[in-house]
Amino acid sequence: MIKKAIIPAAGYGTRNLPITKVLPKEMFPIGVKPAIQYVIEEALESGIEDILLVVSRSKNLIVDYFDESLELEAFLERNNKEHLLSKMQIPKQQLYFTRQPYARGLGDAIRIGERFINNEPFAVLLPDDIIMSKGKHGLCELIDVYKKKQSSVIGLKEIEQNMLHQYGVIKGKETKSGIYKMKDIIEKPKKNPPSNLAAVGRYIFTPAIFSHLNDLQYVAGQEIQLTDAIRKLLINEKCYGKILSGKRYDIATPKDYLDIINKVHYLNNM
Ligand code: UTP
């Protein structure tokens, strides 16, 4: 089964400068929790047991946040504020950290996790894509498809035509409602996107993805694209796409970020 996940969080966050100079996008607050915590909780509630967070030298804030806060806990105990201790219950035990030395792309961040994954199928969750579901978590929906197909599965969303050039867009055949057998995936198509179905930040991969990622050469100024490895994977293996039923918020986008803050505020005050 799918027990391990990689969460890449080492990008520069250039779209959200200048705040991302000091505050990683993954730590943008949503209510009283940072964005990445929602994604970690989704992984754990979907049955993931061990998570590798890929960070960078300038993202120690993420590591600090998930560390113990013994002084603060002692302070709360001394000052009759024990009721606040439950707020400090952040998943810590199942988290592992490593660094990506240079932000050379999502594909490069994922391949750093190869030894951690140790030849098992695994999940990838992007911490800047938050999927709010009424029912099953987005990752859970992909795991359900994996259980049936024993193949890689990519989370999809229908995206407006004029935004497709920002995504990896799939070509595929619907085999069952909302499930597509993939034929191809095109990274950021400038024109003629093959469909309106784009990969959003949830994936399950067979370990074969690593050999394809490792085959990709870094060229200065270009990122190592996960999409290129998926295209190679498709030559030898079946790969499916599943439309996620939850609402997706891309927290790098001001509108989505405001929308999710309002949504969480509403849910917390219901
Ligand atoms: P993005 O595509 O949003 O890139 O990465 P980014 O660098 O963070 O932001 P922009 O495009 O410059 O504004 C999606 C996820 O992959 C991680 C990011 O941290 C983010 O969580 N990532 C990206 C890495 O871990 N390493 C990379 O080299 C690139």
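When a residue number appears, it is its place in the shown sequence, counting from 1. Computed from heavy atoms alone, side chains included, the values below leave out hydrogens, waters and symmetry copies. Computed from a predicted model, the values in this text were never measured in an experiment. Numbering of ligands and ligand atoms starts at 1, following listing order.
- Under the 3.5 Å distance criterion, the side-chain polar atoms of Q100 are matched with a main-chain donor or acceptor of G105.
- Contacts of E223 with ligand 1, taken as heavy-atom pairs under 4.0 Å, are absent altogether.
- At the top of the distance list for atom 4 (O) of ligand 1, counting protein heavy atoms only, stands K25 NZ, 4.1 Å.
- From the protein, the heavy atom lying nearest to atom 18 (C) of ligand 1 is G11 N, 3.6 Å.
- Residue A10 has at least one nitrogen or oxygen atom sitting less than 3.5 Å from a nitrogen or oxygen atom of ligand 1, judged on distance alone.
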Side-chain donor-acceptor pairs of residues 222-231 under 3.5 Å, sequence neighbours excluded:
{"from": "T227", "atom 1": "OG1", "to": "E187", "atom 2": "OE1", "distance (Å)": "2.4"}
{"from": "R231", "atom 1": "NE", "to": "D184", "atom 2": "OD1", "distance (Å)": "2.9"}
{"from": "R231", "atom 1": "NE", "to": "I185", "atom 2": "O", "distance (Å)": "3.4"}
{"from": "R231", "atom 1": "NH2", "to": "D184", "atom 2": "OD1", "distance (Å)": "3.3"}
{"from": "R231", "atom 1": "NH2", "to": "D184", "atom 2": "OD2", "distance (Å)": "3.1"}

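- Heavy-atom separations between G13 and ligand 1 include at least one value shorter than 4.0 Å.
- Counting only heavy atoms of the protein, atom 5 (O) of ligand 1 lies nearest to D128 OD2, 4.2 Å.
- For the side chain to side chain donor-acceptor pair (under 3.5 Å) with K25, the lone residue among T14, N16, T20, D128 that qualifies is D128.
- Each of the following atoms of ligand 1 lies closer than 4.0 Å to a heavy atom of Q100: 24 (C), 25 (O), 26 (N), 27 (C), 28 (O).
- In terms of N/O distances under 3.5 Å, ligand 1 is approached by G105.
- Annotation for Y218: atom OH counts as buried by contact number, over 12 foreign heavy atoms lying within 6.0 Å.
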